[in-house]
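Working notes for the structure below.
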Protein chains: 2
Amino acid sequence: MSKITSRDVARAAGVSQSTVSRALAGDERISSETRERILSTAQSIGYTPNELARSLLSNKSNIVGLVMGDLLNPFYPTVLNGFVAALQKRGKRVLLFTVPPGGEVDDVLPFLLQYQVEGVIITSSALSSKMANACERNKTPVVLFNRATYKEAVCSVCCANVQASFDLTERLIEAEHDRFAIIGGRADTSTHIERKQGLEEALARHGLALVGDEMGDNTYEGGFAAALRLLRFRRRPNAIVCVSDVMAMGALDAARFELGLRVPQDLSIVGFDDIPSASWPSYQLTTVRQPIDAMIERSLALLFDPERKTKRKAITERLPGELIVRSSALIAAKHPAE
Amino acid sequence: MSKITSRDVARAAGVSQSTVSRALAGDERISSETRERILSTAQSIGYTPNELARSLLSNKSNIVGLVMGDLLNPFYPTVLNGFVAALQKRGKRVLLFTVPPGGEVDDVLPFLLQYQVEGVIITSSALSSKMANACERNKTPVVLFNRATYKEAVCSVCCANVQASFDLTERLIEAEHDRFAIIGGRADTSTHIERKQGLEEALARHGLALVGDEMGDNTYEGGFAAALRLLRFRRRPNAIVCVSDVMAMGALDAARFELGLRVPQDLSIVGFDDIPSASWPSYQLTTVRQPIDAMIERSLALLFDPERKTKRKAITERLPGELIVRSSALIAAKHPAE
DNA sequence: CCTGTGGATGCATACGTATGCACAGGCGCT
DNA sequence: AGCGCCTGTGCATACGTATGCATCCACAGG
């Protein structure tokens, strides 16, 4: 009783293997009584179709590869959850890979390709041109999520980071902040680069410049430590822009509990992502919400878009972020007129 | 240039397909010069072995199924991360499924079995006896993580919940708490049942009984709302035991921000899991830490244990939890003597 | 020179399923 | 009655890889 195959069902039902296959596929040509008989015998002897064999023959694995980086940043579980749910709804299976800190996407991609995945979604970081080519050669579409790439010809979906960051900064300047500091994530990520760029552009427009620039590694502890470094200045910043919410929460706690500062009276702290805990009363974090669901939808649309197979254009979609005003920063809520 | 197979490599290198297969497998019998030639041609024409075909033939898919429930409870991303990392290290691939709220594990298991997974890890909930039998028939080992089952013959790994909850309660009683309430998760989960049981046993031992019993659905919002219901009593509880940390954090914020109570002076709040945010200064949650890494290690050991294939015993392993004392509850730190 | 030996490679087949084609039987039409 | 057609089923093959067995060649020993 090792493996029960369609041949076993065929033997038990007194038909051929091909008839079993057709009956299970709902082929019209099989008479309904035969179909019934086959289905019930399949049920009774506990037959489970071998999807691997099916995939081998049809050349369609129904599997999508998902490469995640840091699952400990609360933004990504939400993303992961969304992707898995959306893919399951579309009848796709998810092969999940994790890139450990310090690891490279390139290390896991070969494994994905071996499983004949129909597409790959990468949320961890960009990928090398070598691997981009390997995917191209296999005709395996790739979509970068929350990451942009400038060199490689790969599709990506992200938030309009520069714009969102620019607008956020404008609002902070409007509210009379004039000493800005940034707590960055990792220097090699597009989110970091773009959000910093928007911030600096807005500052420059008003003749301002950053008074502090620290890295927080996209962790709570990193944000906490970075904030301590920033706030020990004699003339400390009065606005800290954090490239992600986890770091902003660390910074907030460092300011309040370690240095006894009041937020937002003594300084404003803002983040990006709008993770669930940003709305908790302990934090009330002003932040830029990423439109996760829409981004996921667009990612899958790009991934499965049939016309991408012909014109292999590297499309980058940028969805607008939404400023969520809470009480961690001195920003007036937008007038309804605007 | 659709699919590059080992035959293409064979043709390009002027050998047979079987020689290619053997060369790539590192077969000793292939002369090293032939091997070199094959490897380099494979490289140059961009050959990727088809793992599906390989799996079909060897009857070993190298895939492990992972069924997750609520990824929005921060405990589970940590678990997921740990499992994926551990499995990748063992050379296994992870096929991830999600059970949407209100869904059943039974709905996704058939898909897993179709992909010939070598084992299934379930963190969402127990599974029906029908599905347990189906897995047994397929000789597919199953391990429940953080869930126990009493009826079915399935292995499981959890924390020693009753014991941990009992000890925690004893410590709270020692510290003169006498009006206990519980905020539960979902009534049908073993974690809820067992933690409540330990709590009630300890209370009974001191002639006490619960003064409040609410459900919080293992969400922050649920914990928040449940705490409001509990704390509007005239004689409100002075200790709230929450079955998971997320709910405890909700309860804490409800007490502080909504009702103006002081924690732990006015009441103690404790949780379970020790999620990362439990240690943040805003919360400082006293909680029972689950030994996640050890639990994962034991789960995989059970899953791949060769002798389980002969004696099909349903082993339930219970690892001790560790009480982490912080400032959300009035508990003296254990004397070093003890 | 013939045979035996061993090393290197090719041939054929199997894994479990889907599908084009052939085939059998029944029925209606001329 | 004979012909064609339709319906329902079986036969054979293909997917890409791994592997038992046969084969071939070279070389050594008799």
- Message: Which is more 5' along DNA chain C, the nucleotide nearest B:N59 or the one nearest B:I30? Just name the residue.
- Response: B:I30
- Message: Using the rule given for salt bridge (Lys or Arg N to Asp or Glu O under 4.0 Å), can you reason through B:R90 versus B:E118, listing the C-alpha separation, both sets of side-chain angles and the distance that settles it, and then say yes or no?
- Response: CA-CA 13 Å; B:R90 295 181 184 228; B:E118 293 181 5; over 6 Å; no
- Query: Base, sugar-phosphate, or nothing: which does A:S21 touch, judged by heavy atoms less than 4.0 Å apart?
  - Reply: base
- Message: Less than 4.0 angstrom between a side-chain N/O of A:S58 and OP1 or OP2 of C:dA18, yes or no?
- Response: no
- So what does A:T34 touch, heavy atoms closer than 4.0 Å: a base, only the sugar-phosphate, or nothing? sugar-phosphate
- Given that B:A25 and B:L56 both sit by DNA chain D, which one's nearest nucleotide is further toward the 5' end? B:L56
- Could you check which of D:dG16, D:dA18, C:dG16 has an atom nearest any side-chain atom of A:L57? C:dG16
- Task: Compute whether any side-chain donor of one residue and acceptor of the other, for A:S21 and A:S18, lie under 3.5 angstrom apart.
- Result: no
- Given side-chain contact (heavy atoms from CB on, under 4.5 Å), test B:R93 with A:F97 step by step and report yes or no. CA-CA 8 Å; B:R93 313 290 160 244; A:F97 284 80; 3.5 Å; yes
- Message: With a 4.0 Å cutoff (strictly under), does any side-chain N or O of A:Y115 reach OP1 or OP2 of D:dG16?
- Response: no
- Task: For B:Q17 and D:dA14, give me the distance from atom CD to atom C1', rounded to whole Å.
- Result: 14 Å
- Query: Picking from A:N146, A:T123, A:D70, what satisfies side-chain hydrogen bond (donor to acceptor under 3.5 Å, both in side chains) with A:Y76?
  - Reply: A:N146
- Please check if atom CZ in B:R186 has more than 12 non-hydrogen atoms from other residues, nucleotides or ligands closer than 6.0 Å. no
- Message: Let me spell it out: for each of A:T19 and A:R7, pick the nucleotide of DNA chain D with the closest heavy atom. Which residue's pick is nearer the 5' end?
- Response: A:T19
- Task: Would you tell me if any nitrogen or oxygen in the side chain of B:S18 comes within less than 4.0 Å of OP1 or OP2 on D:dT17?
- Result: no
- Task: Look at all strands and tell whether A:V20 reaches a base, only sugar-phosphate, or nothing, counting heavy atoms closer than 4.0 Å.
- Result: nothing
- In sequence, state the C-alpha distance, the side-chain angles, and the governing distance for A:I315 and A:D305, and then conclude on side-chain contact (heavy atoms from CB on, under 4.5 Å). CA-CA 12 Å; A:I315 305 164; A:D305 183 3; 5.6 Å; no
- How many Å lie between CG on A:D8 and P on C:dC15, as a whole number? 11 Å
- Query: Tell me: CG of B:N50 to P of D:dA18, nearest whole Å?
  - Reply: 10 Å
- Item | Test side-chain contact (heavy atoms from CB on, under 4.5 Å) applied to B:L144 and B:V157, step by step | CA-CA 6 Å; B:L144 300 180; B:V157 173; over 6 Å; no
- Message: From the set C:dT9, D:dG16, C:dT19, return the single nucleotide nearest to any side-chain atom of B:K3.
- Response: D:dG16
- Message: Quick check for you: among D:dG20, D:dG10, D:dA18, whose closest atom lies nearest to any side-chain atom of B:R22?
- Response: D:dG20
- Message: Using whole Å, what does the distance between atom P of nucleotide C:dG16 and atom CZ of B:R54 come to?
- Response: 18 Å
- Message: Is there a side-chain contact between B:T5 and the phosphate of D:dG16, meaning an N or O under 4.0 Å from OP1 or OP2?
- Response: no
- Query: Quick one: is A:R29 getting a side-chain N or O under 4.0 Å of the D:dT7 phosphate, OP1 or OP2?
  - Reply: no
Review item, side-chain donor-acceptor pairs of residues 55-67 of chain B, under 3.5 Å, at least two apart:
{"unit_1": "B:S55", "atom_1": "OG", "unit_2": "B:E51", "atom_2": "O", "d": "2.8"}
{"unit_1": "B:S55", "atom_1": "OG", "unit_2": "B:K60", "atom_2": "O", "d": "3.4"}
{"unit_1": "B:S58", "atom_1": "OG", "unit_2": "B:R54", "atom_2": "O", "d": "3.0"}
{"unit_1": "B:S58", "atom_1": "OG", "unit_2": "B:K60", "atom_2": "N", "d": "3.3"}
{"unit_1": "B:S61", "atom_1": "OG", "unit_2": "B:I63", "atom_2": "N", "d": "3.2"}
{"unit_1": "B:S61", "atom_1": "OG", "unit_2": "B:Q116", "atom_2": "O", "d": "2.6"}
{"unit_1": "B:N62", "atom_1": "OD1", "unit_2": "B:K92", "atom_2": "NZ", "d": "3.3"}

- Message: Does D:dT17 have its OP1 or OP2 closer than 4.0 Å to a side-chain nitrogen or oxygen of B:S6?
- Response: yes
- Hey, what bend do you get for the helix from C:dC1-D:dG30 to C:dT30-D:dA1 if you fit axes on five pairs at each end, rounded to 10°? 70°
